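Written out below as structure tokens is the structure these notes cover.
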Protein chains: 2
Amino acid sequence: MKGKHVSSETIRRLAVYLRYLELLYEKGVRIISSSDITNALNIPSTQFRKDLSFFGEFGKRGVGYDIGKLIKVIRGIIGIDKKVKIIIIGAGKLGSALIEYPGFSDMNIEIVGAFDNNPEKIGKKIANILIRDISEIEEFIKSEKIEIALICVPKEHAQNVCNILIKAGIKGILNFAPVKLITTGCVFVSNFDMSSEICNLMYSFKKCSQG
Amino acid sequence: MKGKHVSSETIRRLAVYLRYLELLYEKGVRIISSSDITNALNIPSTQFRKDLSFFGEFGKRGVGYDIGKLIKVIRGIIGIDKKVKIIIIGAGKLGSALIEYPGFSDMNIEIVGAFDNNPEKIGKKIANILIRDISEIEEFIKSEKIEIALICVPKEHAQNVCNILIKAGIKGILNFAPVKLITTGCVFVSNFDMSSEICNLMYSFKKCSQG
DNA sequence: TAGATTGTTAATCGATTAACAATC
DNA sequence: TAGATTGTTAATCGATTAACAATC
């Protein structure tokens, strides 16, 4: 099965598996079967095995998976075996909160820079991260070899910031502004859209209770 | 086509269409064709027509769609024709930032309550929203008829908070803690997982540049 | 009527799941 | 060997897209 196209769903699930495996490893567990991990995550065990099968064979039949080994394998597949340095554009309430978001470190992700266009913010620090002038962004991205940025600016500026980032050579963007950003080529955007997600919840439970 | 099962993808896209339609309406545009809206959003026009077809016929052949009418229709479909009152659990950095997130109001979504278990925070206000003791949550949900909550507590407490919310009768949860929450019945969770999304970006552009 | 655009059917594509042979 | 669990094939399911008849 190795070599076929791999979907985003599979990659996101690998990240979820990884987080759970790390948790188990910390607790001292060293071996797990596909059904044990998928029972905990509430998905079918075939999905776990299928997801891994795109990349090779990592288990032992009749036994299960070596957790330590699997953690390394998944980190390698995703590309987070080394530390991932990311930046934030927009040091408002949301951007500032994300700078201090504790969920990144488990995944080897570290925020190393923040940018804004407000002179009152530039030069100040949030949790040890200096807020820089947006005009310095291209140089920073290139010298620090940054591949991923989080956009936390008001929606009116989001596409403009997106274009600047692409020009500066960024490869992936996580967009928190409520607009759909358009990119081209090998630059990817995940639109993190809280309102759409709430709409989806509204519709789901309404339908569910209607039967 | 009316009556068939409708996917979450369709509902999320309806929300995206709605936001774009509102933007056009404000600019004074009153009529739009499926290809005009989908060109702007970078998707095929058949997808727009197909998404709407689950719910009825809303366009005029040879002409297009009346934007004002379509806005009302989509709001009705999703269930956001009236104001949607939501609450936040966890008044830390992220929770506080979300209380002031400006992207909700466009969608008729309003944050009406915040809860925490930290005595130093309880009784204070963030942007006019009183932070209440988590023990008051069940009463608040019932008296205010709250259906949706955002979980912004540390990951260790997230599943516990989730269980409390379900017991209190909540219907939808947007989870910002980096753990997959498990629910049952007509209670839905969207796990808003920034780390997995960054993993997905990492993998995507790595693959893309490899060809 | 002619041109434009919708709404829907059918074809395609891709993801999930069931089943089971392989093998530890 | 017997029991357990993997890895993979094939079947199923569902979502996207192409094509086009309907109709404004």
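Chain A is the first sequence line, chain B the second, and so forth, proteins listed ahead of strands; every chain is numbered from 1. Because the structure is predicted, anything quoted here is derived from the model rather than measured.
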Report the secondary structure of DNA chain C in dot-bracket form, marking unpaired bases with a dot and bases paired to a different strand with |, and treating Watson-Crick or G-U pairs with both distances under 3.5 Å as paired. ..||||||||||||||||||||||
Rounded to whole Å, how long is the line connecting atom [atom1] of [X] with atom [atom2] of [N]?
X: A:Ile37; N: D:dT5; atom1: CD1; atom2: P; answer: 15 Å
X: B:Leu52; N: C:dT8; atom1: CG; atom2: C1'; answer: 13 Å
X: B:Ile67; N: C:dT5; atom1: CD1; atom2: P; answer: 14 Å
X: A:Phe48; N: C:dA15; atom1: CZ; atom2: P; answer: 19 Å
X: A:Ile43; N: C:dA15; atom1: CD1; atom2: P; answer: 15 Å
X: B:Ile31; N: C:dT6; atom1: CD1; atom2: C1'; answer: 13 Å
X: B:Ile11; N: D:dG14; atom1: CD1; atom2: C1'; answer: 15 Å
X: A:Tyr17; N: D:dT6; atom1: OH; atom2: P; answer: 12 Å

For atom CZ of A:Phe58, is the number of surrounding heavy atoms from other residues, nucleotides or ligands below 6.0 Å larger than 12? yes
Short side-chain donor-acceptor distance under 3.5 Å, A:Arg49 and A:Ser45: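 Side chains of A:Ser45 and A:Arg49: pair found under 3.5 Å.
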For the residue pair B:Phe115 and B:Phe140, categorise the inter-ring angle as parallel (less than 30°), tilted (30 to 60°) or perpendicular (more than 60°).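 Perpendicular.
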Is the ring pair A:Tyr65/A:Phe48 parallel, tilted or perpendicular, if the boundaries are 30 and 60 degrees?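 The rings of A:Tyr65 and A:Phe48 stand perpendicular, inter-plane angle above 60°.
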Indicate whether OP1 or OP2 belonging to [N] is found under 4.0 Å from a side-chain N or O atom of [X].
X: B:Tyr65; N: C:dG7; value: yes
X: A:Ser34; N: D:dT6; value: yes
X: B:Arg13; N: D:dA15; value: no

Nearest to the side chain of B:Ser53, which nucleotide is it out of D:dA15, D:dG7, C:dT8? C:dT8
Determine which pairs satisfy side-chain hydrogen bond (donor to acceptor under 3.5 Å, both in side chains) with at least one residue from residues 91-104 of chain B, sequence neighbours left out, and list them in order. A:Lys93-B:Glu100, A:Glu100-B:Lys93
What does B:Phe58 touch in the nucleic acid at a heavy-atom separation under 4.0 angstrom: a base, only the sugar-phosphate, or nothing? sugar-phosphate
Restricting to non-hydrogen atoms, name the atom on B:Ile126 and the atom on B:Ile99 that form the minimum distance, rounded to 0.1 Å.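 Of all heavy-atom pairs spanning B:Ile126 and B:Ile99, the closest is O-CG2, 3.8 Å.
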Is B:Glu138 salt-bridged to B:Lys142, going by a charged N under 4.0 Å from an acidic O? yes
Sugar-phosphate means primed atoms, P, OP1 and OP2; the rest is base. With that split, encode nucleotides 17-24 of chain D 5' to 3' as B, S or - using protein heavy atoms under 4.0 Å. BBB--BBB
Are B:Ile71 and B:Glu22 side-chain neighbours, meaning at least one heavy-atom pair lies under 4.5 Å? yes
Quick one, B:Gln159 with B:Asn163, criterion side chain to side chain donor-acceptor pair (under 3.5 Å). Give me CA distance, side-chain angles, the key distance, then yes/no. CA-CA 6 Å; B:Gln159 184 67 56; B:Asn163 299 342; 3.1 Å; yes
